[in-house]
Amino acid sequence: MIARASHLFLPTLRDAPADAEAVNHKLLVRGGFVRQVTGGVWTFLPLGWRVHRKIEQIIREEMDGIGSQEMLMPVLTPFELWQQTGRDFIQEIFRLKDRKGADYVLPMTHEETVTFHARELQSYKQLPQMLYHISTKNRDEPRPRAGLIRLREFWMKDAYSFDRDDQALGKSFELQRGAYHRIFERAGLQFSEVEAEPGMMGGKESFDFLAPAGAGENTLVTCENGDFAADIEVARTVARPAVLPEALASPDEVETPGVKTCEALAAFLSIDVAATSKAMPVTTDDGVVLALIRGDDRIEPAKLDAALGMQSRPSTDEEIRAAFGASGGSLGPVGFKGRIVADETLRDGQFVAGANRDGWHLRGVEAGRDFQAELADLRESADGDVCPNCGGKLTFTTAIEVGHIFKLGTKYSEALGARFLDEDGKKRALIMGCYGIGLARTMAAIVEQRHDEHGIMWPASVAPYDVHVVVLQGAEQIGLEAAEALSALGKDVLLDDRDQRPGEKFADADLIGIPVRITAGKKSLEDGAVDVRDRATGEEQRVKLADLGNVV
RNA sequence: CGGGACGUAGCUCAGCCUGGUCAGAGCGCCGCCUUUGGGAGGCGGAAGCCGUCGGUUCGAAUCCGACCGUCCCGACCA
C-alpha cells in the first residue's frame with residue numbers, strides 16, 4: 001500500500017502547543033498523530049489512528065492466542081447494573097439521563113455488563129471462559145493530564161475470566177499474565193510487572209504493568225540486582241537503621257520551645273532524625289486515628305488506608321485539638337486514647353515523641369511499653385532505602401501504568417447473581433478475573449521511551465507505516481519505483497511527494513518516526529539507487545532497487 | 001476541590017504595568033518568481049468579536065468583577 005503525503009491529512013507542526021509539557025503530548029501533537037478537542041478528550045488523526053490500531057491488533061492476536069474471545073459491549077449502560085454491584089457511589093463515573101429520566105452511565109470498565117452476560121453460563125461444563133472487548137471507556141476525571149496519559153475518554157482492552165474455583169482462576173490468570181508480557185514486548189515497550197493496589201476494583205491479588213517514562217503517575221521502585229520491582233504505593237523496602245540514644249527506664253519529658261518539625265527536634269536534642277517519631281492524625285469514619293512513623297519518613301497514604309482497612313484523610317486543626325489537647329508539632333502516642341497504627345520501624349527501640357502538650361516532647365518512648373499500637377508498613381519508600389530481598393541499591397522511576405490484572409473473586413458474580421451448577425449439583429458464584437490495557441497510554445509510553453530531540457522512533461510493530469519514502473526533486477521516477485517495489489513486497493509505504501524543501505521533508509520524517517526512511521534524490525539517482533536510513537541509529541546505506549527487499 | 005499560571009491570527013508569542021494610529025511580529029497559509037540532500041530567498045496577499053459577560057471611563061486587548069476554558073502542583077485515580 002502506498003499513501004501519498006500530498007493527499008493525507010497529516011498536519012505536522014514546527015512548534016509544540018504552549019501548554020504541552022509531557023514529551024508524548026508534544027511529539028504526538030507536532031507529528032500530526034492526535035489533537036485535543038477539550039480537556040482529556042482527544043481525536044486520533046489518521047496517522048495516530050494507524051498506530052492505535054497496530055497496538056490494538058497486537059493485543060487482539062495475543063488475546064485470541066490464549067483462547068480469549070472478542071465481543072463488543074455497549075458504552076451506554078443502565079445505571080441500575082452499577083447500583084446492584086454497589087459501585088454507584090464512584091465519583092468518576094459519567095452519568096446521564098435519557099428523555100424519560102432513566103439513568104445511565106458511560107462506564108470506565110465493564111465488570112457489570114460482562115457479568116450480566118455471564119449469567120448465561122450455567123454449568124461447570126461451560127467453564128472456563130475468557131471474554132474481552134476493545135472499546136471506548138469514559139471517566140469523569142477531576143484532572144486529565146500529561147497528554148495521553150490521563151484521559152476522560154480512552155480506548156481500553158478489558159478481558160474477563162470466569163472459572164469454577166481458585167485453582168482454575170489461577171490458570172486463567174497465568175494465561176493472561178503471559179499474554180501481557182508478549183503484548184508489551186511486541187509493542188517494543190520496556191516494562192515491569194509489579195504488585196499493586198487493587199483500588200476501586202476490589203479483589204485480592206493484582207499486578208500492574210509499569211512502563212518507565214518521563215511522564216507518568218506511578219513511581220516504580222526497582223533493585224539494581226533485578227530481584228525487586230514494586231509500585232511505591234506498596235513497596236516494602238528497608239529503611240536505613242536509626243542511631244538511637246541510650247534507652248531510658250521510662251519516658252522523660254523535655255521542654256522543646258518552638259520546635260515544630262522532626263528535623264528541628266533532632267537538631268535541638270542533637271540526635272538522629274530517625275530517632276524521633278512523627279505523629280500524623282488522620283480522620284476516618286470511626287474518628288481520629290493516630291498514624292505514627294519515624295521522623296525521617298513520609299507516610300504512604302495507600303499503605304495507611306490498607307492498614308486501617310478504610311479511607312482516611314488528614315485531620316483538621318480542630319479535630320486534632322479535640323483529640324489530643326495539643327497542636328500539630330507536639331503530638332504523640334503516649335496517653336492518646338484512640339486507635340494507633342505505627343510503622344514497623346518503630347517496633348524496636350526508643351524514640352522521641354510529642355508529649356501532647358504544646359512545646360514539650362517525651363524522650364525514651366517505647367512501643368508496647370508506653371503505648372499500644374498496631375504495627376504495619378506505613379512509610380513511603382525513600383532514597384537511601386535498600387532492597388528487601390538482597391539489600392541492593394534501589395532506584396525510583398516515574399512510570400506509566402499501561403496494564404493491570406486482577407483476581408476479582410466473586411464480588412461481581414454474587415452481586416449480579418452469576419452462578420453455575422458444579423459437579424456436585426451445588427450452585428456457586430463464578431470466580432472472576434479482569435485484565436485491562438490502556439491503548440492510548442501504551443502509545444504514549446512508547447513515545448516517552450523511544451524518542452530523541454528530533455522526534456519519535458516507533459518500533460516496527462506499531463509504526464504507522466513500514467517505510468517512509470522521501471522523494472526529492474529530480475528523482476520522482478525512482479522514488480515512485482522504490483515505493484511500488486516495497487508495496488509489492490507487502491510493505492505499507494508513506495510516500496512524501498509533497499512540493500516541499502528537502503530539509504522540511506527530513507525534519508517531518510524524523511518527527512513522525514517511521515523506522516525506515518528511504519531518500520530518492522539526485523545523489524542516489526546517479527547510482528540508480530536510493531538511500532536507506534535507519535531512524536533509530538541514523539545509519540544510511542545506498543541500495544539498488546532490486547536489493548530493497550533484502551534491506552527493508 | 002485547594003494552590004499557581006495562562007487565554008491576542010492555524011502555531012509560537014509581543015502589546016497590558018503607565019487606557020487614546022495597538023490590531024502587531026515570526027512561522028504557517030494563498031499567488032508569482034527564484035531555489036532544491038536537513039525547516040532557503042524575494043515581491044504581493046488573506047487571516048483575529050484580543051475567551052465570555054458585566055462594570056469603570058469621553059474612550060478598554062489594556063483597569064475592576066464574575067464566569068468559562070486550558071496547563072502545572074496537590075487532592076483524587078483500574
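Throughout, a chain's letter reflects where its sequence line sits, starting with A, and its residues are numbered from 1.
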- Message: Output the rounded distance in Å from CD (A:Q36) to C1' (B:U70).
- Response: 8 Å

- Query: Angle class for the A:H110/A:H133 ring planes (parallel below 30°, perpendicular above 60°, tilted otherwise)?
  - Reply: perpendicular

- Query: Base, sugar-phosphate, or nothing for A:R152, non-hydrogen atoms under 4.0 angstrom?
  - Reply: nothing

- Nucleotide paired to B:C1 in any strand shown, Watson-Crick or G-U, under 3.5 Å: B:G74

- Pair partner, B:C22 [Watson-Crick or wobble, under 3.5 Å]: none

- Nearest 0.5 Å please: distance from the CD atom of A:Q176 over to the OH atom of A:Y132. 10.0 Å

- Task: Check whether any side-chain N or O of A:D343 sits under 3.5 Å from a backbone N or O of A:R379 as a donor-acceptor pair, and report yes or no.
- Result: yes

- Note on the structure: By salt bridge (Lys or Arg N to Asp or Glu O under 4.0 Å), A:R4 pairs with (sequence neighbours left out) A:D497

- Message: Using Watson-Crick or G-U wobble geometry with both distances under 3.5 Å, which nucleotide pairs with B:U62?
- Response: none

- Query: Can you name the residues that form a salt bridge (Lys or Arg N to Asp or Glu O under 4.0 Å) with A:D496, not counting sequence neighbours?
  - Reply: A:R498

- Span that lies between the C1' atom of B:G59 and that of B:C63, in whole angstrom: 13 Å

- Within the pair A:T38 and B:U70, is there a side-chain N or O less than 4.0 Å away from OP1 or OP2? yes

Restricting to nitrogen or oxygen on both sides, can you table the protein-nucleotides 29-35 of chain B pairs closer than 3.5 Å?
unit_1: B:U35; atom_1: O2; unit_2: A:R501; atom_2: NH1; d: 2.5

- Message: Please encode protein proximity along nucleotides 9-15 of chain B as a string of B, S and -, counting only heavy-atom distances under 4.0 Å.
- Response: --SSS--

- Query: With both distances under 3.5 Å as the test, what is the Watson-Crick or G-U wobble partner of B:U36?
  - Reply: none

- Side-chain donor or acceptor of A:R150 under 3.5 Å from a matching atom on the base of B:C77? yes

- A:D508 side chain, from C-beta outward: closest of B:C73, B:G37, B:G39: B:G39

- For atom P, what is the distance between B:G37 and B:C13, given to the nearest Å? 32 Å

- Message: Classify A:G521 by what it touches in the nucleic acid, base, sugar-phosphate, or nothing, heavy-atom distance under 4.0 Å.
- Response: base

Extract all donor-acceptor atom pairs below 3.5 Å that involve side chains of residues 20-33 of chain A and protein atoms in other chains or at least two apart in sequence.
unit_1: A:N24; atom_1: OD1; unit_2: A:L148; atom_2: N; d: 3.1
unit_1: A:N24; atom_1: ND2; unit_2: A:E448; atom_2: OE2; d: 2.8
unit_1: A:R30; atom_1: NE; unit_2: A:L13; atom_2: O; d: 3.1
unit_1: A:R30; atom_1: NE; unit_2: A:R14; atom_2: O; d: 3.3

- Message: For A:R150, give me all partners under salt bridge (Lys or Arg N to Asp or Glu O under 4.0 Å), at least two apart in sequence or on another chain.
- Response: A:E141, A:E217

- Mind checking A:R30 for me? I need base, sugar-phosphate or nothing, with any heavy atom below 4.0 Å counting as a touch. base

- Item | Residue pairs fulfilling salt bridge (charged side-chain N to carboxylate O under 4.0 Å, His left out) with at least one residue in residues 174-187 of chain A, sequence neighbours excluded | A:E61-A:R186, A:E62-A:R182, A:E62-A:R186, A:E174-A:R177, A:R177-A:E193

- How would you label the contact of A:K137 with the nucleic acid (heavy atoms, under 4.0 Å): base, sugar-phosphate, or nothing? nothing

- Item | Heavy-atom donor-acceptor pair, A:R517 side-chain to B:G38 base, under 3.5 Å | yes

- Item | Any strand: nucleotide that pairs with B:G69 via Watson-Crick or wobble, under 3.5 Å | B:C6

- Taking only residues two or more places apart in sequence, or in another chain, which ones meet A:K137 in a salt bridge (Lys or Arg N to Asp or Glu O under 4.0 Å)? A:D158

- Whole-Å distance separating the CD1 atom of A:I512 from the P atom of B:G39: 17 Å

- Can you tell me which residue pairs pass the ring-ring contact (aromatic ring centres under 6.0 Å, His included) test with a partner in residues 138-158 of chain A, sequence neighbours excluded? A:W49-A:W155, A:H52-A:W155

- Complement of B:C50, any strand, by Watson-Crick or G-U distances under 3.5 angstrom: none

- With rounding to whole Å, what would you report as the distance between B:C27 and B:C16 at their P atoms? 23 Å

- Item | Residues A:R87, A:E111: salt bridge by 4.0 Å N-O rule | yes

- Query: Counting only Watson-Crick or G-U wobble pairs whose two distances fall under 3.5 Å, which nucleotide matches B:G31?
  - Reply: B:C43

- Message: Give me the distance, rounded to whole Å, that separates B:C17 from B:U36 when you measure between the P atoms they each carry.
- Response: 50 Å

- Item | Spacing of the C1' atoms in B:C30 and B:A75 (rounded, Å) | 50 Å

